[in-house]
Amino acid sequence: MLNPERFLKDLHTLRSFGASGVGKGVKRRAYSEADIASREWLASQFEAAGLKSHFDPVGSVWGLSGEHSLLLGSHSDTQPEGGWLDGALGVVAALEIARANQETGGPPVSVVSFQDEEGRFGGTTGSAIWAQLLPQEEADKITDTDGVSLAKARGSMTHLDNGWVDPAHFTGYLEMHIEQGPWLDKAKQTIGIVTEIVGIRELKIVFHGAQNHAGTTPMSMRSDAFQMLSTFNQTLNLALKDVADDKSVWTIGHVRLHPGASSVVPGKAEFMIQWRDGSAQRLDEMEAQIRKTSFACAEDFHGTVELIEQWSIPPTKMSSRFQNAMEYAAKQLSPGAYSMMPSGALHDASNVARLMPAGMLFVPSINGISHAFEEDTSEADLVKGLQVLAATIATLAN
């Protein structure tokens, strides 16, 4: 039988690896000492649960049951300042269900904690390589913000490498996760059944102007790269209103000016822009507007612009069979307190769905907070999600 106390205890034990000392916050970046130690602890728990522990070449850790098992899991790495449930919840829930099923003779369940979902080297790195959506040799060349390559980072785990796991081992994939948004919490719902994961695109944009003295260069004679960026942001927000719907989002982050001195007109502004939507057509329309606006802003300030594609993941529908099974379980265990909903956040399920049927189940995030030390969910909602996930697996097995 499921043991909620054991499940919650394991969640808190995993939180201890990289605990920030601020509330329940965690600092467990991919390939950090805390990350590797937590994965070795997970491997020991998999073995104790009767599973075969296995590390793949990028450091994802697996707990393998018999052939043709259902795969459950998520990730256990965090943002630089992360919460204790993002990813970790899905891994520990999978461990508890696998352990309970081993004890009671339930359907065989395997477990995975994918490496680098949080994007030290791009985003959903471990599952993207495993799903053959990102070639290993290309991934190894990716560097983090400190210039460290994936090849070098994963070198700290090569002594654990047991080779790749064959996807044919599994009949499907289920991932339990916190919502990371406000909708379930605001609606007082306990369960979210994910219908689709939005598509994401990301561009690096570099505006080139003319570096010059900030005190002696008249405003009318400047080619200021930051002004290109500032105008781009304001113009784009207005332009995308005609394209986007209420669930479309776009974000500018990681801005870098060169040379970055207060007495110098910036000659270069480099930044990332990311946009998300559930419609591939709308993603195209948003991209066209982003490109058009960037060229217009560079021209207005007598500069030039470079557009460098970073990565792109298409919208991903979740398995209707898995959705139906989750809805059946939610009706029994959380009647009137569940919703069918899209995921605005990216998850490993998006990659795994290219290989096999996939589904996702959400529990509420208090005040919609995630990717922050304040991230939290009530224990009652955590346990309810565990119970619904376990019931879903039982329904799928019948």
Side-chain angles (χ1 to χ4, degrees), residues 1-4 6-17 28 30 34-77 85 87-117 124 126-127 129-131 157 159-177 347-349 351-352 355-356 358-361 385-386 389-390 392-394 396-397:
M1 293 179 60
L2 289 175
N3 186 328
R6 179 174 60 183
F7 160 66
L8 293 171
K9 180 176 181 291
D10 284 346
L11 264 177
H12 284 287
T13 299
L14 183 52
R15 178 172 66 86
S16 71
F17 293 93
R28 196 167 55 234
D35 174 58
I36 296 172
S38 71
R39 291 175 185 277
E40 291 178 323
W41 176 79
L42 283 170
S44 72
Q45 298 308 298
F46 296 162
E47 291 283 346
L51 306 173
K52 179 182 177 182
S53 65
H54 183 107
F55 286 87
D56 70 20
V58 293
S60 298
V61 59
W62 306 73
L64 300 175
S65 183
E67 291 186 3
H68 307 300
S69 60
L70 189 63
L71 178 64
L72 274 65
S74 188
H75 65 96
S76 51
D77 63 303
L85 296 171
L89 172 61
V91 176
V92 176
L95 168 61
E96 177 56 33
I97 292 171
R99 185 162 44 199
N101 285 9
Q102 288 274 354
E103 293 168 351
T104 61
V109 167
S110 293
V111 183
V112 64
S113 173
F114 287 112
Q115 182 58 288
D116 192 32
E117 192 273 352
T124 66
S127 60
I129 296 172
W130 181 63
M157 298 190 70
H159 64 290
L160 299 170
D161 181 10
N162 302 125
W164 293 108
V165 175
D166 186 353
H169 194 96
F170 312 113
T171 59
Y173 176 72
L174 284 171
E175 182 171 353
M176 178 176 166
H177 210 281
H347 300 284
D348 290 305
N351 295 327
V352 182
L355 301 174
M356 62 191 74
M360 288 198 72
L361 182 148
L386 174 72
L389 184 62
T392 298
I393 295 162
L396 291 169

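Here, residue 1 is the first one in the sequence, and each next residue gets the next number.
- Side chain of His169 to main chain of Ser65: a donor-acceptor pair is present (N/O by atom type, distance under 3.5 Å, no hydrogens or angles).
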**Asked** What do the steps show when you test Phe170 against Leu355 for side-chain contact (heavy atoms from CB on, under 4.5 Å), and what is the final call?
**Response** CA-CA 10 Å; Phe170 312 113; Leu355 301 174; over 6 Å; no
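- Judged by distance alone, the side chain of Trp130 and the main-chain N or O of Val165 form a donor-acceptor pair under 3.5 Å.
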**Request:** Please test Val352 against Phe114 for side-chain contact (heavy atoms from CB on, under 4.5 Å), starting from the C-alpha separation and ending with a verdict.
**Result:** CA-CA 11 Å; Val352 182; Phe114 287 112; 3.8 Å; yes
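- For the pair Glu96 (side chain) and Asn3 (backbone), a donor-acceptor distance under 3.5 Å is present.
- Annotation for Ala93 and Met176: closest pair CB-SD, 3.7 Å, computed over non-hydrogen atoms.
- With values rounded to the nearest 0.5 angstrom, Ser16 atom OG is found 11.5 Å from Leu11 atom CG.
- Glu175 and Gly73 get closest at one heavy-atom pair: CG-O, 3.1 Å.
- Closest heavy-atom contact between Asn101 and Pro107: ND2-O, 2.9 Å.
- The backbone N or O of Phe55 sits less than 3.5 Å from a side-chain atom of Asn162, completing a donor-acceptor pair.
- A donor-acceptor pair under 3.5 Å is absent between the side-chain atoms of His75 and the main chain of Thr124, judged by distance alone.
- Under a 3.5 Å cut-off, the side chain of His177 and the backbone N or O of Ala88 do not form any donor-acceptor pair.
- A donor-acceptor contact shorter than 3.5 Å is absent between the side chain of Asp77 and the backbone of Gln115.
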**Prompt:** Could you go step by step and tell me if Arg99 and Asp10 meet the side-chain contact (heavy atoms from CB on, under 4.5 Å) rule?
**Reply:** CA-CA 12 Å; Arg99 185 162 44 199; Asp10 284 346; 2.7 Å; yes
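- Heavy atoms only, all atoms of each residue included: Leu72 and Ala94 are closest at CB-CB, 3.4 Å.
- Inter-residue side-chain proximity for Ile129 and Asp56 is flagged as unmet; no heavy-atom pair is nearer than 4.5 Å.
- Atom NE2 of His347 is separated from atom OG of Ser74 by 7.5 Å, given to the nearest 0.5 angstrom.
- Salt-bridge formation is detected for the pair Arg39/Asp35: a Lys NZ or Arg NE/NH1/NH2 atom is positioned less than 4.0 Å from an Asp or Glu carboxylate oxygen.
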**Request:** Would you sort out whether Val112 and Leu71 count as a side-chain contact (heavy atoms from CB on, under 4.5 Å), showing the intermediate values?
**Result:** CA-CA 7 Å; Val112 64; Leu71 178 64; 3.9 Å; yes
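- Side-chain contact check for Leu42 versus Ser76: some heavy-atom pair is nearer than 4.5 Å.
- Between His12 and Arg15, some side-chain heavy-atom pair lies under the 4.5 Å cut-off.
- Contact detail for Asn351 and Ser127: the closest heavy-atom pair is ND2-OG, 2.9 Å.
- The shortest side-chain heavy-atom distance between Thr171 and Leu396 does not fall under the 4.5 Å cut-off.
- With contacts defined as side-chain heavy-atom distances shorter than 4.5 Å, the pair Leu51/Ser110 does not qualify.
- Note that the CG atom of Asp348 and the OG atom of Ser60 stand 7.5 Å from one another [nearest 0.5 Å].
- Contact detail for Val111 and Ala98: the closest heavy-atom pair is CG2-CB, 3.8 Å.
- Of the inter-residue distances, the one linking Phe7 atom CZ with Leu89 atom CG reads 5.0 Å to the nearest 0.5 angstrom.
- Rounded to the nearest 0.5 angstrom, Met1 CE and Thr104 OG1 are separated by 9.0 Å.
- Other residues, nucleotides and ligands contribute at most 12 non-hydrogen atoms within 6.0 Å of the NE2 atom of His68.
- Distance check, rounded to the nearest 0.5 Å: CD1 of Ile97 to CG of Leu389 gives 3.5 Å.
- By the 4.5 Å heavy-atom criterion applied to side chains, Asp116 and Val58 are not counted as neighbours.
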